[in-house]
Amino acid sequence: MAETRENPMAAALIERCEIAPSPDTVAELTLPLLHFDITWLYFHPVKRLLFYGFPCSKHQFLETIVPKLKESLLRTLNHFLPLAGNIVHPTKSGRPFSRFVVGDSVTLTIAECNKDFKHLTGNHPRVSDELYACVPQLPPAKHSSDAVLLPVLALQVTLFPGHGVCLGFTNHHSIGDASTIVRFIKAWASVNRFGGDAKLIDEKSLPFYDRTAVADPDGLDSTYWDLLKRSRSVEPRRLSFPINKVRATFVIRKDDIEKLKAFLLRRRPEMHITAFTVTCALVWVCLVKAEAGAVPDDEPEYFGFAADCRGRLNPPLPATYFGNCLAFVKAESTHGLLRGKEGFLVAAECLGLAIQKTVYNEKGILDGAEDWPAEFRKLIGKRLFGVAGSPRFDLYDADYGWGRPKKFESPSIDAETSMSLCKSRNFEGGLEFGLSRTKKKLDSFAAVFTETLRNL
């Protein structure tokens, strides 16, 4: 099949509309992009899908569900104005910034899909392209003589007649990290479910916008912009289809996690071990072992992820801080060590040391941050694997009035070498992770993963 930028599996369009915050909100809200945000300026859009299983006719969908979602979205955007605005990227001079002005809006797509809902929401291997029937595209950038305006959020509601609904979210990473976007998703769910925003206000969960609260004594904002400005096209690259990948979801139950922790503690009693550490270590080593013989033993292997800085800055920021606030954590080993007999132990030790070096650094979590862009630029083309998401953000409790989601999916992992990670929907204390690989690589990983978990 020839490559195309258009998804051949797209859902049938019912309506595309613009949802704008109430005009009686503030006339304009401008936020500078800090180094935390500039880091992600040229990153691909972040995509999330929430599938909700409940019998729903097209009539009920169009007459009841869609109007309510539009109204609740408007009310929610009143509190999340930057999501209706744009990132303004000057073409001549000056740093980019986020700006909302009255009249700005979010594109909401209403669609219908006749695909097999049960198949799409399963854990078994599925062709990655199939999910893109539910994924909204960010609107194209708008060009002026002195700036490029980049929309930051697109939404889609897709009906599966008689089976359920999927909510699709696509955002520009520079507008906010997972903490920010998940708060928006849950806020919209709350407003839709309870018919108003009183609960958001009562629970003090509204966004905190004060960028002056972020101290920058080392001038990281200027340093990052000088390193990154105009390093590539401002507009994000769109995926080409077919993606030629297969995705599957794997579950690690609480008993499995405790077994992995116990194994490590017997060998390294002093090691700081979490469910996140053991899961990432297990996936990392299984990916390496699945490629045994194809890579030289001395080839470096890297595992990268982001850690939330909000509570670790000086002074700390509130959990509701709107934007990006992430530190980069990088673990390093070699292919031979990870695929060896002690591979899982090696992986866990490397991850633990990386976390200790950055997250628990006595000099602060941003120690060495001026070097992070250069360090990660060196990793381009290297064997780097990472994590999209975190068990800290539980989207399975985002109830829009239809009950808990049946399935969360992260299409973002199709565009990079990473896994999605979140709390398990069905097993208390467990985790689930998603992988998108070629069929051969996914099958090899699944076999190694099952065997490794059984033998530990």
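Keep in mind that what you see is a predicted model, and the values were worked out from it rather than measured.
Residue-environment remark: CZ (R310) exceeds the threshold of 12 foreign heavy atoms within 6.0 Å. Annotation for E362: atom CD does not count as buried by contact number, only 12 or fewer foreign heavy atoms lying within 6.0 Å.
Aromatic ring pairs are classed by plane angle as parallel below 30°, tilted from 30° to 60° and perpendicular above 60°; the pair F385 and F303 is tilted. Classified by interplanar angle (parallel below 30°, tilted 30° to 60°, perpendicular above 60°), the ring pair H35/Y224 is perpendicular. F449 and F250 have perpendicular rings, their planes meeting at more than 60° on a 0 to 90° scale where under 30° would count as parallel. The aromatic rings of F322 and Y209 lie tilted to each other, with the angle between the two planes from 30° to 60°. Ring pair F169/F184 is perpendicular by interplanar angle, where above 60° counts as perpendicular and below 30° as parallel. The aromatic rings of Y396 and F408 sit perpendicular to each other, their planes meeting at more than 60°, with 30° as the lower class boundary.
T25 is listed as a side-chain neighbour of F100, based on a closest heavy-atom distance under 4.5 Å. Residues L29 and L31 form a side-chain contact, since some pair of their non-hydrogen atoms from C-beta on lies under 4.5 Å apart. You'll find the side chain of E432 reaches within 4.5 Å of the side chain of C422, heavy atoms only. Contact of the F344 side chain with the L338 side chain is not registered, since no non-hydrogen atoms from C-beta on lie closer than 4.5 Å. Residues P32 and R95 fail the side-chain proximity criterion, which asks for heavy atoms closer than 4.5 Å. Side chains of I257 and L431 form a contact here, defined as non-hydrogen atoms less than 4.5 Å apart. Side chains of D197 and H79 form a contact here, defined as non-hydrogen atoms less than 4.5 Å apart. Contact check for P96 versus L41: side-chain heavy atoms found under the 4.5 Å cut-off.
We find that D399 and R193 are joined by a salt bridge, their nearest charged nitrogen and carboxylate oxygen being less than 4.0 Å apart. The existence of a salt bridge linking E342 and R267 is confirmed by a sub-4.0 Å separation between a basic side-chain nitrogen and an acidic carboxylate oxygen. We find that E409 and K407 are joined by a salt bridge, their nearest charged nitrogen and carboxylate oxygen being less than 4.0 Å apart. Using a 4.0 Å cut-off between charged nitrogen and carboxylate oxygen, R268 and E349 count as a salt-bridge pair. A salt bridge is defined here as a Lys NZ or Arg NE, NH1 or NH2 lying under 4.0 Å from an Asp or Glu carboxylate O, and R392 with D308 meets this definition. The pair E71-R75 meets the salt-bridge criterion, with a side-chain N (NZ, NE, NH1 or NH2) lying under 4.0 Å from an Asp/Glu carboxylate O. A salt bridge does not link E299 with K382: every distance from a Lys NZ or Arg NE/NH1/NH2 to an Asp or Glu carboxylate oxygen is 4.0 Å or more.
In this structure a side-chain-to-backbone donor-acceptor pair under 3.5 Å is missing from D367 to K363. With hydrogens and angles ignored, the 3.5 Å screen pairs no side-chain donor or acceptor of T358 with any backbone N or O of I355. In this structure, T180 contributes its side chain and G323 its backbone to a donor-acceptor pair below 3.5 Å. D104 places a side-chain N or O within donor-acceptor distance of the main-chain N or O of V101, the cut-off being under 3.5 Å. Under the 3.5 Å distance criterion, the side-chain polar atoms of R339 are left unmatched by any main-chain donor or acceptor of C286. One N or O on the side chain of R247 and one on the backbone of S410 form a donor-acceptor pair closer than 3.5 Å. With hydrogens and angles ignored, the 3.5 Å screen pairs no side-chain donor or acceptor of T170 with any backbone N or O of Q137. Although no hydrogens or angles enter the test, the distance criterion places no donor-acceptor pair under 3.5 Å between the side chain of R437 and the main chain of L435. Looking only at distances, no side-chain donor or acceptor of D394 sits under 3.5 Å from a matching main-chain atom of K423. Side chain of S333 to backbone of E301: no donor-acceptor contact under 3.5 angstrom is found.
Taking each heavy atom of A141 and P151 in turn, the nearest pair found is CA-CD, 4.2 Å. Between A398 and I185, the shortest heavy-atom distance links the atoms CB-CG2, 4.4 Å. Minimum heavy-atom separation, L228 to I38: CD1-O, 3.5 Å. Nearest heavy atoms, N171 versus I175: ND2-CG2, 4.4 Å. Summarising the geometry of F305 relative to V387, their closest heavy-atom pair is CB-CB, 4.2 Å, with the distance given to 0.1 Å. Scanning both residues, P411 and K47, for their nearest heavy atoms gives CD-O, 3.4 Å.
For the residue pair T274 / T277, a side-chain donor-acceptor distance below 3.5 Å is found, with atom types taken as modelled. Side chain to side chain, T109 and Q156 fail the donor-acceptor criterion of an N or O pair below 3.5 Å. A side-chain N or O of T212 and one of D210 form a donor-acceptor pair less than 3.5 Å apart.
One finds the NZ atom of K289 at 14.5 Å from the OG atom of S444 (value rounded to the nearest 0.5 Å). Atoms CG and CG, on L34 and D221 in that order, are 5.0 Å from each other to the nearest 0.5 Å. To the nearest 0.5 Å, the span separating NZ on K186 from CG on L200 amounts to 12.5 Å. Taking OG from S22 and CG from L74, the interatomic distance works out to 4.5 Å, rounded to the nearest 0.5 Å. Interatomic distance, K330 NZ to C350 SG, rounded to the nearest 0.5 Å: 12.0 Å. How far CZ of F445 is from CE of M419: 8.5 Å, rounded to the nearest 0.5 Å.
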Criterion side chain to side chain contact (heavy atoms under 4.5 Å, CB included) on S105 and I19, from CA distance to verdict: CA-CA 5 Å; S105 59; I19 305 295; 5.7 Å; no
Residues E332, R383; criterion salt bridge (Lys or Arg N to Asp or Glu O under 4.0 Å); working and verdict: CA-CA 10 Å; E332 180 178 355; R383 292 179 58 82; over 6 Å; no
Candidate pair V46 and I181, rule side chain to side chain contact (heavy atoms under 4.5 Å, CB included), full reasoning: CA-CA 10 Å; V46 181; I181 302 303; over 6 Å; no
Residues T249, H124; criterion side chain to side chain contact (heavy atoms under 4.5 Å, CB included); working and verdict: CA-CA 7 Å; T249 303; H124 60 281; over 6 Å; no
Test side chain to side chain contact (heavy atoms under 4.5 Å, CB included) applied to E428 and K254, step by step: CA-CA 7 Å; E428 183 69 30; K254 184 178 181 180; over 6 Å; no
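Here the rule is side-chain hydrogen bond (donor to acceptor under 3.5 Å, both in side chains) with R211, and of D37, T30, D216 only D37 fits it.
Two rings, from F376 and W40, have their centers 6.0 Å or more apart. Taking the centre of each ring, W188 and Y400 come in below the 6.0 Å mark. A ring-centre distance under 6.0 Å is not found for H335 and W284.
Judged by the 6.0 Å and 45° rule, K199 forms a cation-pi pair with F194.
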